[in-house]
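Report on the following structure.
Scope of the values below: all heavy atoms of this structure, side chains included, with no hydrogens, waters or symmetry mates. Here is how names work: the chains are called A, B, and so on, in the same order as the sequence lines, proteins then strands, and each is numbered from 1.
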Number of protein chains: 2
Amino acid sequence: MADHIIKQAGLRMTAPRAKILDILARSGKRHMSADEVYRELQGDDAEIGQATVYRVLTHFVEAGLVSRQSFDGGHWVFELNRGEHHYHLICDRCGRIVEFADGLIAGRQSDIARKHGFDIRNHSLVAYGLCRNCQRSLARDAAPFDVRPDPTPEPGARRMAIRAPRATVDTPGDRPFLDPGIKTSAR
Amino acid sequence: MADHIIKQAGLRMTAPRAKILDILARSGKRHMSADEVYRELQGDDAEIGQATVYRVLTHFVEAGLVSRQSFDGGHWVFELNRGEHHYHLICDRCGRIVEFADGLIAGRQSDIARKHGFDIRNHSLVAYGLCRNCQRSLARDAAPFDVRPDPTPEPGARRMAIRAPRATVDTPGDRPFLDPGIKTSAR
DNA sequence: TTCAATGCAAACCGTTTGCAGTGTG
DNA sequence: CACACTGCAAACGGTTTGCATTGAA
């Protein structure tokens with residue numbers, strides 16, 4: 001249950017919070033937008049407003065349960081905080097996301113920050129390009145332009161100029177989150 | 001003049017384009033939002049609409065003259081493309097931005113990408129924290145909360161939850177852009 | 001002379017906020 | 001029983017778009 005995790009984080013337990021944490025924990029997608037969380041909730045019985053989703057997610061971020069970032073300007077993307085800081089590889093075409101951690105980069109970056117007198121609290125590295133599959137697809141049908149990504153183009157996709165992903169899943173090393181007694185650094 | 005640069009990039013020359021490129025080139029700020037560009041234009045004689053600013057900037061990005069990114073979810077920030085890819089250190093408190101390039105990080109990252117089968121086209125590394133000045137200020141008046149940043153708080157600043165910069169200047173090694181015959185890779 | 005670029009204003013869309021009602025601690 | 005949390009709907013703010021007009025090539 002998500003219950004004790006929320007309390008351990010110093011938050012009041014409520015139904016919306018439990019459900020949202022649950023969704024983040026169980027969803028196939030590691031990275032979800034507020035709207036995706038909201039829609040997932042709709043299928044459920046209880047009525048939970050968008051505002052609540054945003055507020056709860058913000059609370060989670062502040063409490064350190066969840067991390068938030070925006071891949072290249074779109075909307076916010078939320079991700080359960082599994083403790084290990086990591087970076088992202090994103091496919092411009094299909095939206096596939098691959099996570100990776102790298103001490104060398106982290107160290108180098110913090111050296112540089114120190115040299116500039118910065119006290120770093122957070123950082124993100126995101127690389128955009130084509131995943132293996134999409135490289136293949138593109139080569140295969142050698143279509144010069146306007147090839148539709150294999151994963152469904154998603155109906156309400158706004159023309160995001162230049163770059164237009166809309167993340168789908170993918171990540172190595174899956175590990176349960178809610179079940180084991182995870183130690184939340186309460187605040 | 002910006003004229004031949006725009007043409008070299010394969011774009012039709014128009015007054016708005018010349019002016020906007022000029023502003024990006026001459027402004028003290030290396031990183032400008034569309035709105036900042038727009039406001040800078042207002043002081044000028046000619047009437048140029050916001051839509052045009054957005055459209056022109058988008059064209060510039062597509063032509064490779066300008067690069068665009070969003071520091072942690074806010075709006076887009078545009079920056080004249082000076083050829084050398086670089087990363088950013090951003091002060092959470094005053095918005096100061098420091099740029100740095102690092103081959104080691106770039107190399108490492110592209111190795112990792114290759115290992116995952118990705119063909120990277122672009123990447124960004126941004127680190128958030130406190131610059132030296134802000135660390136000092138905070139220590140000095142040891143105010144636990146709600147300290148106002150030294151650089152004016154900027155009136156229309158939306159409460160961006162968690163993080164709320166609003167960039168001001170700062171960058172090492174200034175180098176003119178428009179004057180020398182820069183080689184634009186036209187497309 | 002044609003078709004891309006512009007200006008204006010309205011539309012969009014993700015996110016935030018005000019307010020009255022609800023339910024946790 | 002107080003006060004944080006919720007739902008709803010309206011507000012917000014950055015960006016995009018439709019359409020008639022202008023102007024570069």
Please report the distance, rounded to the nearest Å, between CZ in B:Phe60 and P in C:dA5.
11 Å
Considering only heavy side-chain atoms of A:Val56, the closest of D:dT6, C:dC8, D:dT15 is D:dT6
Of the options A:Arg114, A:Arg108, A:Lys115, which is the one that meets A:Asp111 in a salt bridge (Lys or Arg N to Asp or Glu O under 4.0 Å)?
A:Arg114
Taking CD1 from A:Ile6 and P from D:dT6, how many angstroms apart are they, rounded to a whole number?
10 Å
Grab the CE-P distance between A:Met13 and D:dT6 for me, whole Å please.
10 Å
Mind calculating the distance between NE2 (B:His75) and P (C:dC12) to the nearest angstrom?
24 Å
Does B:Thr52 place a side-chain N or O at less than 4.0 Å from the phosphate oxygens OP1/OP2 of C:dG7?
yes
Does a side-chain N or O of A:Thr14 approach OP1 or OP2 of D:dT6 to a distance below 4.0 Å, or not?
yes
Atom CZ of B:Arg55 and atom C1' of D:dT21 are separated, to the nearest Å, by 12 Å
From CZ of A:Phe78 across to P of C:dG14 the rounded distance in Å is 13 Å
Determine: side-chain N/O of B:Arg17 to OP1/OP2 of C:dA5, distance under 4.0 Å, yes or no.
yes
Rounding to a whole Å, what distance do you find between B:Arg12:CZ and C:dT6:P?
10 Å
Looking at A:Tyr54, I'd like to know whether one of its side-chain N or O atoms comes within less than 4.0 Å of OP1 or OP2 on C:dT16.
no
Do the side-chain N and O atoms of B:Glu79 and B:His86 include a donor-acceptor pair separated by under 3.5 angstrom?
yes
Within this structure, what is the CZ-OG distance for the pair B:Phe71 and A:Ser70, rounded to the nearest 0.5 Å?
11.0 Å
Does B:Ala15 or A:Ser33 map to a spot on DNA chain C nearer the 5' end, using the closest nucleotide for each?
B:Ala15
Among the candidates D:dC5, D:dG7, C:dT6, find the nucleotide nearest to the side-chain atoms of A:His59.
D:dC5
Rounded to whole Å, how long is the line connecting atom CD of B:Glu62 with atom P of C:dA4?
14 Å
Aromatic contact, A:Phe100 with A:His88 (centres under 6.0 Å)
no
Centroid-centroid under 6.0 Å between B:Tyr87 and B:His123 rings
yes
